[in-house]
Every structure is written in C-alpha cells, then in structure tokens.
Amino acid sequence: MAALGSPLATFRGLLRELRYVSACAGRLCRDMAVYRHVVQAFRAHRVTEEKLCRAQHELHFQAATYLCLLRSSRLHLALLRQHRGRGPRSAHDTARLVGLALPSRPGGDGRQA
Amino acid sequence: MWRGCRRLLRAPLPPPPRPARGYAPPAERKRFYKRVGISRGEGGFEINLDQRKLRTPQAKLFAVPSEALAVAVAAEWDAQQDTIQLYAMHLTTLCNTALDNPTQRDKTQLIQAAVKFLETDTICYRVEEPATLVELQRNQWDPMIEWAEKRYNVTIGSSTSITGPTIPVSTRETFSSHLASYNMWALQGIEYVINQLKSFILSMGLIDRHITVEEAVLLSRLEEEYQIQRWGKVEWAHDFDLHELRARTAAGVLFTHLCLESSTVKHKLLQDSGPGR
C-alpha cells in the first residue's frame, strides 16, 4: 500500500490549496462546492478507532491525489507565469538590453502634429 | 517599356512583407462568467457557468457520471482568474476527451493501445553504465516489476537491449482481460496516465493504489533525477516538467478512480436525502 502519511495532514493540505483556489476566484472558501464536498467527505468517513479499513485507505488515496493535483497545478502555473515567453522583443527593448538606446528622430517620433 | 513602368508606378504597391514572428503565445479567452454551479441532468452531472451550460469542443452537453468529478471540474473553472487557461485544466480536458472521443476509438482499440505500451515500458529498459545508475534502477524499479508480476500472476522481466524485453503472449492476454473489466471513461483515464508516465506498470500501480502519484512520477523520471543530482537543476526546465507531469498524472488517476466509483456516490446521495439526516 502506498505511504500516504496522516489523513489530517492531507486534509490540512487540501484546505490550504482550496484557499488558494478561492483567493483566485475572489470568494470565500466556505462558499465553494468543492470545499463543502471535501469537508463532508472527510467528516462522513471519520473513524473513531484505528482500524485497517480498505475503504478509508481508498478515500485517503483519492484525497492525496487531489491534493497533488491542486498543488502541482498551482506550482506549474506559477513557474509558467514567471518564465513564459512573451513573443519577440522590440528593437527598443533589444537595444536597452545591451545598454543602448535607439536614436531619437529630430522632429519627434512623428506622432506630434 | 516606359508604358509598363508607368503602369507599375500607378499600381498600388503591395504591402511590405511582415517580418516572420517567432513564437507568439495563443490568445486566451476572457473569463466570461461569474458563478460556477453544478446541476443534475439526464446524462449525469452538468456544469453551469452563470446561466449557460458548459459544452465540449464538439458542442455536446458536458455531463459527467460522478458528482465528485463534477465538483472537481467546477473548481477548475472557478479557479480561473482573468483568462481561461484550458491547458492547465486537466480534469476538464479528460472529460472532454471521454465525451467527444476525438480519436474515435472503441474499447478494444483502447485496451490494445494500453497493453502495447508494455513492450516499451520505461521501467523495463535498463542501462549498462554508469554503475551507480544501474544500481539505482535495479533498486527502484525491480520492486515495481516484482509487485506487478505477483499481483497479476504474469512474467514481465527487464532488459538492457534496445529492443526491450520479450513480453509473453499470456502476459498481454492477462492484462487485456483485466482492462476489459473497466468502463470506457476509466479506460480513457488509464491510457492518459500511461502516456504521461510512459509506463504501463507504474500506471497499474497507481490505479491499484500501490504507489502514490509522487512516487510514480519519481520512478518515471528516475534517470532525469539522477542527472539532476549529478549536474544540478534548472528551475524552468526540470521543476516545470516535474510539476506538470505530477498534475497531469494526478488528474488522470483521480479521473479514473472517480469514474469507477459512481455507485458509491449514489449511495452517499441516498443517505443525504434520507430521514436520518
């Protein structure tokens, strides 16, 4: 069986990721269907005694998988935003890159009347 | 000749050819909705964006068999900020693939494609040098192959030759008949996971909950991890790939498990509407 750690840690991780999601949507975490679903699922499958329960392991595995999906998607998108290409540079930007500036036209850049 | 020149001068000049642009990122659609909801329809659970119903690229109604899956898809749509980043919505993409079936394959073809991957399975190909990598592969991959051989009662083996190990016909038949017990949706998910991890055995380990997604991704990228340890890591290449692979694999596994569990979800719904609650 896969080593999953404690269910409480998974639950906390999920809530943390869902808070990121709700911050993106600009809403309260409590108002989201997915938050209610996760909390309800964890509550409904809570066991009072430590028993080897296959169904519980299945649910925990699912929760851990969902946590992995949310966390990796967030990190992936963060890296994408930081490093993604923004198309070719303009001549002005390229010149600035090496500490040069494009010559300015004597009569302005033609926009003035 | 002069007349020809005059005609040329009078004719409007063709526009100068635009300089060939390098890669320009495709424009993303703006987020056109405010609230995301779920409703229960005839075909299953549907997603509502404000008052509109979500549709697939082939304009079919987006309806999924399990409520938990619909909730997760709705969360993906809710997580979009200003623009809709479809490339990062793996569960939605998987549902679209299952609904539209763009490759027009039936169940037998899907199973064939999945089992064919066994011949080129990542963890069956071994290197001969350097010695540390050989040992690492043996220590990490051999237990997975042993697990699969014991769990399905088959012979797989590993090889260092470029043609890979010879998979017996009985092994392929066993896996084919095992996969035939899954429904179409789950099979689409399994094939997706196999294509991400480039390994049939690791995918089956995930579907059977033998290993976690993080472990499977680590095993799938074992040689890359070895090179990273030796030569160092580049964030925008290695970390980027790692997180993307993890997200995609987790989406595929979750999708498969949720599609297999529609009966459990129905049971929970009955409980909720019962007089006891």
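We use all heavy atoms of the structure for the numbers below, so side chains are in, but hydrogens, waters and symmetry mates are not. Bear in mind the structure is a predicted one, so any value in this text is a computation, not a measurement. Order of the sequence lines sets the chain letters (A, B, ...), proteins ahead of strands, with each chain counted from 1.
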Which atom pairs, donor and acceptor, lie under 3.5 Å between side-chain atoms of residues 234-242 of chain B and protein residues at least two apart or in another chain?
{"unit_1": "B:E235", "atom_1": "OE1", "unit_2": "A:H83", "atom_2": "NE2", "d": "3.1"}
{"unit_1": "B:H238", "atom_1": "ND1", "unit_2": "B:V234", "atom_2": "N", "d": "3.0"}
{"unit_1": "B:D239", "atom_1": "OD1", "unit_2": "B:K233", "atom_2": "NZ", "d": "3.2"}

Heavy-atom distance under 4.5 Å to chain A: side chain of B:L245, backbone, both or neither?
neither

Count the heavy-atom pairs under 4.5 Å between each of A:S72, A:A23, A:A78 and chain B, then report the option with the highest count.
A:S72

Could you tell me the separation between the CG atom of B:D78 and the OH atom of A:Y35, rounded to the nearest 0.5 Å?
15.0 Å

Here the gap from B:H243 atom NE2 to A:R71 atom CZ, rounded to the nearest 0.5 Å, amounts to 10.0 Å

For the atom pair CG (B:L91) and OH (A:Y66), what is the distance rounded to the nearest 0.5 Å?
7.5 Å

Output for pair (B:R35 CZ, A:D31 CG), nearest 0.5 Å, gives 7.0 Å

From A:H37 atom NE2 to B:E67 atom CD, the distance as rounded to the nearest 0.5 Å:
6.0 Å

Do you know which of B:T249, B:V71, B:L206 has the most heavy-atom pairs under 4.5 Å to chain A?
B:V71

Does any non-hydrogen side-chain atom of B:Y87 lie less than 4.5 Å from one of A:L77?
yes

Would you indicate whether B:Q227, at its atom CD, is surrounded by more than 12 heavy atoms from other residues, nucleotides or ligands within a distance under 6.0 Å?
yes

Sort B:A251 into side chain, backbone, both or neither according to what part of it lies under 4.5 angstrom from a heavy atom of chain A.
both

Donor-acceptor contacts under 3.5 Å from residues 8-16 of chain A side chains, at least two apart:
{"unit_1": "A:T10", "atom_1": "OG1", "unit_2": "A:S6", "atom_2": "O", "d": "3.3"}
{"unit_1": "A:T10", "atom_1": "OG1", "unit_2": "A:H60", "atom_2": "NE2", "d": "2.7"}

Among A:L18, A:L75, A:L70, the residue with the most heavy-atom pairs under 4.5 Å to chain B is A:L75

Against chain B, label A:L67 side chain, backbone, both or neither, depending on which of its atoms sit under 4.5 Å from a heavy atom there.
neither

Taking the side chain as every heavy atom from C-beta outward, state whether B:L258 and A:Q62 have any atom pair closer than 4.5 Å.
yes

Minimal heavy-atom distance between A:T65 and B:A250, with the atoms involved, is CG2-O, 3.4 Å

Crowded around A:Q82 CD? As in, over 12 foreign heavy atoms under 6.0 Å?
yes

Taking atom CG of B:N153 as the centre, report whether more than 12 heavy atoms of other residues, nucleotides or ligands fall under 6.0 Å from it.
no

Could you tell me the separation between the CD atom of B:Q85 and the CG atom of A:L80, rounded to the nearest 0.5 Å?
7.5 Å

Shortest non-hydrogen separation from A:L69 to B:A247 and the atoms involved:
CD1-O, 3.3 Å

